[in-house]
Amino acid sequence: MPDLKTLLQLTRFPNVFTAVSNIFAAYLLTHQDLGDWPAFALLVGSSSLLYLAGMVLNDVFDVAQDTSERPQRPIPSGRISLTAAKRIGATLLVGGIALGWLVSVLRHTLTPGIVATMLGAAVVLYDGPLKRTPLAPLGMGFCRFLNILLGLSLASIGPFQWHPMHWLVAAGVGIYIVGVTLFARTEAQHASRRLALLCGMILMLCGIGLLGYFPRWATADLPEAAQPLPQILGTWLWPIMWGLFGFFTVRRCVPAIVDPSPLLVQFAVKQAIFAIVIFDAAIITATHHPVPFAIVIVAFLLPMHLLGQVIYST
C-alpha cells in the first residue's frame with residue numbers, strides 16, 4: 001500500500017480545492033444558503049472524487065512519457081504500481097459518479113446523476129484519447145464547465161434547463177480553463193510555444209471577461225440570493241475588480257511568453273490555478289449572500305498553498 005504522500009502526489013491533491021470552490025460558488029448561485037447540507041456535501045464529494053480520478057488517470061495514461069521525462073512521479077519511480085494506480089483511479093471515478101446519482105435519488109431529479117456521469121466520461125476522454133491532440137484544452141475546459149453545472153444541478157427545472165446567467169458562468173470558467181490548459185502544454189517547439197502561450201493568455205482573459213459580465217444577465221425570476229447587488233450593477237467597482245484580475249493574469253503570463261522556460265510557465269500555470277478560487281469567491285460577492293461565504297471559499301487557498309509546498313500540483 002503506497003504511503004499518504006505518494007497518494008497525495010498521485011492525485012495532485014492541492015488542486016482539488018479548486019473543484020470544491022467551483023461547487024460552492026455554483027451551488028450558492030442557486031440557493032439561499034447551505035441549508036440542504038447533505039445534498040451539497042454529496043455534490044462536493046462527487047466533484048472531488050471525479051477530479052482526483054482525473055489526476056490519477058492522467059498519470060496512468062502518461063506513464064510512458066513520465067518514465068522518460070518525469071521519473072520522479074509516483075508510478076515511474078516505483079512508489080506505486082501501474083495496476084494499483086489504475087485501481088485507485090477507477091474507484092475514484094465510479095465513486096464520484098455514484099455520489100452524483102445518490103443526490104439524484106435523494107432529491108428526485110436526474111440532473112446531478114446525468115452531469116456526474118458526463119463529467120466522469122469527459123475526464124476519461126481527456127486523459128485518454130484527447131490528451132495528445134489539439135482538442136485537449138477544449139476537453140479540459142469542458143470538464144470544468146460540467147463541474148460548474150454539477151454545482152448548479154439541483155437548481156435545474158429539468159435536465160440541462162438552467163438560467164442563461166448560469167450558462168454564462170459555466171462558460172466563463174470553462175473558457176478560462178481552456179486557456180490555462182493551452183498555456184500549460186509543452187509538446188510544441190520553442191517558437192510555436194510562444195504563440196500557444198499567447199493564445200492561452202487571451203483565452204484566460206476571455207473567460208475572465210465573461211465572469212465579470214455575468215451579473216448583467218440576471219433577471220427578476222432568479223431567487224433573491226442569486227440577484228446581483230445594486231452596487232455591482234450601478235457602479236464601476238465590479239468591472240474594476242475584474243479588470244484587476246485581468247491585469248494580474250497578464251502580469252503572470254507575459255514573462256513566460258517572453259521567456260518560455262519551464263520554470264516561468266509552471267509558475268504562471270500554478271498562479272492561474274490558484275486564481276480559480278478567487279474567481280469563485282468573487283462570484284459570490286456579487287450576490288446577496290453574506291460575506292462569510294466568500295471568505296470560506298478564499299480560505300481554500302491556505303491548504304492549497306501549504307500542501308503545494310511539499311506536493312507537486314501541476
Side-chain angles (χ1 to χ4, degrees), residues 1-24 26 40-66 70 73-76 79-104 112-132 135-151 153 170 173-174 177 180-181 184 273 276 300 303-304 307-308 311-314:
M1 180 69 183
D3 58 60
L4 178 59
K5 185 176 181 179
T6 296
L7 289 173
L8 294 178
Q9 290 176 333
L10 181 67
T11 58
R12 293 175 175 83
F13 193 80
N15 292 345
V16 75
F17 293 100
T18 65
V20 176
S21 73
N22 285 166
I23 299 297
F24 259 87
F40 170 74
L42 289 171
L43 289 176
V44 169
S46 176
S47 172
S48 299
L49 292 181
L50 290 169
Y51 185 91
L52 296 174
M55 295 298 100
V56 175
L57 294 176
N58 177 76
D59 278 18
V60 168
F61 282 104
D62 283 357
V63 65
Q65 182 179 357
D66 286 347
R70 292 176 286 271
R73 291 293 299 159
I75 299 175
R79 286 177 288 144
I80 185 171
S81 69
L82 180 59
T83 300
K86 288 179 180 178
R87 184 165 58 247
I88 291 170
T91 301
L92 291 170
L93 188 73
V94 172
I97 294 172
L99 289 183
W101 281 106
L102 182 56
V103 177
S104 287
I114 292 174
V115 175
T117 302
M118 291 181 63
L119 179 52
V123 164
V124 175
L125 190 63
Y126 169 77
D127 284 333
L130 293 182
K131 187 71 176 293
R132 305 297 172 199
L135 296 178
L138 290 175
M140 179 62 86
F142 187 57
C143 287
R144 281 288 180 166
F145 174 81
L146 289 172
N147 196 51
I148 295 292
L149 294 188
L150 184 62
S153 60
V173 173
I177 293 300
V180 173
T181 308
I273 292 171
I276 296 168
F300 291 144
M304 284 182 67
L307 288 170
I311 299 168
Y312 188 77
S313 59
T314 60

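By convention here, the first residue in the shown sequence is residue 1.
- With rounding to the nearest 0.5 angstrom, the CD1 atom of Ile276 is 10.0 Å from the CG atom of Asn147.
- For the pair Pro14 and Leu307, the tightest heavy-atom approach, listed with the atom from each and the gap, is CG-CB, 3.7 Å.
- Counting all heavy atoms, side chain and backbone alike, Leu93 lies closest to Ala53 at N-CB, 3.5 Å.
- The backbone N or O of Ile97 sits nowhere less than 3.5 Å from a side-chain atom of Ser46 that would complete a donor-acceptor pair.
- For the atom pair CG of Asp127 and CE of Met140, the computed distance is 7.0 Å after rounding to the nearest 0.5 Å.
- The shortest distance between side-chain heavy atoms of Ile88 and Leu7 falls below 4.5 Å.
- Here the shortest heavy-atom pairing between Val20 and Ser48 reads CG2-OG, 3.3 Å.
- With hydrogens and angles left out, the side-chain atoms of Thr18 and Asn15 include no donor and acceptor closer than 3.5 Å.
- Summarising the geometry of Ser104 relative to Gly113, their closest heavy-atom pair is OG-N, 2.8 Å, with the distance given to 0.1 Å.
- Rounding to the nearest 0.5 Å places CG of Leu119 at 5.0 Å from CG of Leu50.
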Exercise for the section: Check step by step if side-chain contact (heavy atoms from CB on, under 4.5 Å) holds for Lys131 and Gln65. Expected result: CA-CA 12 Å; Lys131 187 71 176 293; Gln65 182 179 357; over 6 Å; no
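- Within the model, atoms OG1 of Thr11 and CG of Asp59 stand 9.5 Å from one another, a figure rounded to the nearest 0.5 Å.
- Atom CZ of Arg144 sits about 5.5 Å away from atom OH of Tyr51, to the nearest 0.5 Å.
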Exercise for the section: Apply side-chain contact (heavy atoms from CB on, under 4.5 Å) to the pair Arg73 and Arg79, showing each step before the final yes or no. Expected result: CA-CA 8 Å; Arg73 291 293 299 159; Arg79 286 177 288 144; 5.6 Å; no
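- Between Leu149 and Ser153, the closest side-chain pair of non-hydrogen atoms is not below 4.5 Å.
- Considering CD1 of Ile148 and CG of Asn22, their distance stands at 4.0 Å, rounded to 0.5 Å.
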Practice task
Before giving the answer on side-chain contact (heavy atoms from CB on, under 4.5 Å), spell out for Thr117 and Trp101 the whole-Å C-alpha distance, their side-chain angles and the decisive distance to 0.1 Å.
Solution key: CA-CA 8 Å; Thr117 302; Trp101 281 106; 2.8 Å; yes
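- Contact annotation: the side chain of Met118 approaches that of Phe142 to within less than 4.5 Å [non-hydrogen atoms, C-beta and beyond].
- Contact detail for Leu43 and Pro112: the closest heavy-atom pair is CD2-CB, 4.4 Å.
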Problem - Thr181 vs Tyr126, side-chain contact (heavy atoms from CB on, under 4.5 Å): CA-CA, chis, key distance, verdict - result: CA-CA 11 Å; Thr181 308; Tyr126 169 77; 4.0 Å; yes
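- Scanning all heavy atoms of the two residues, the minimum distance from Ala85 to Ile75 falls at CB-CD1, 3.6 Å.
- Relative ring orientation between Phe17 and Phe13 is described as perpendicular, the plane-to-plane angle rising above 60° on a 0-90° scale split at 30° and 60°.
- Contact of the Asp62 side chain with the Arg132 side chain is registered, since non-hydrogen atoms from C-beta on lie closer than 4.5 Å.
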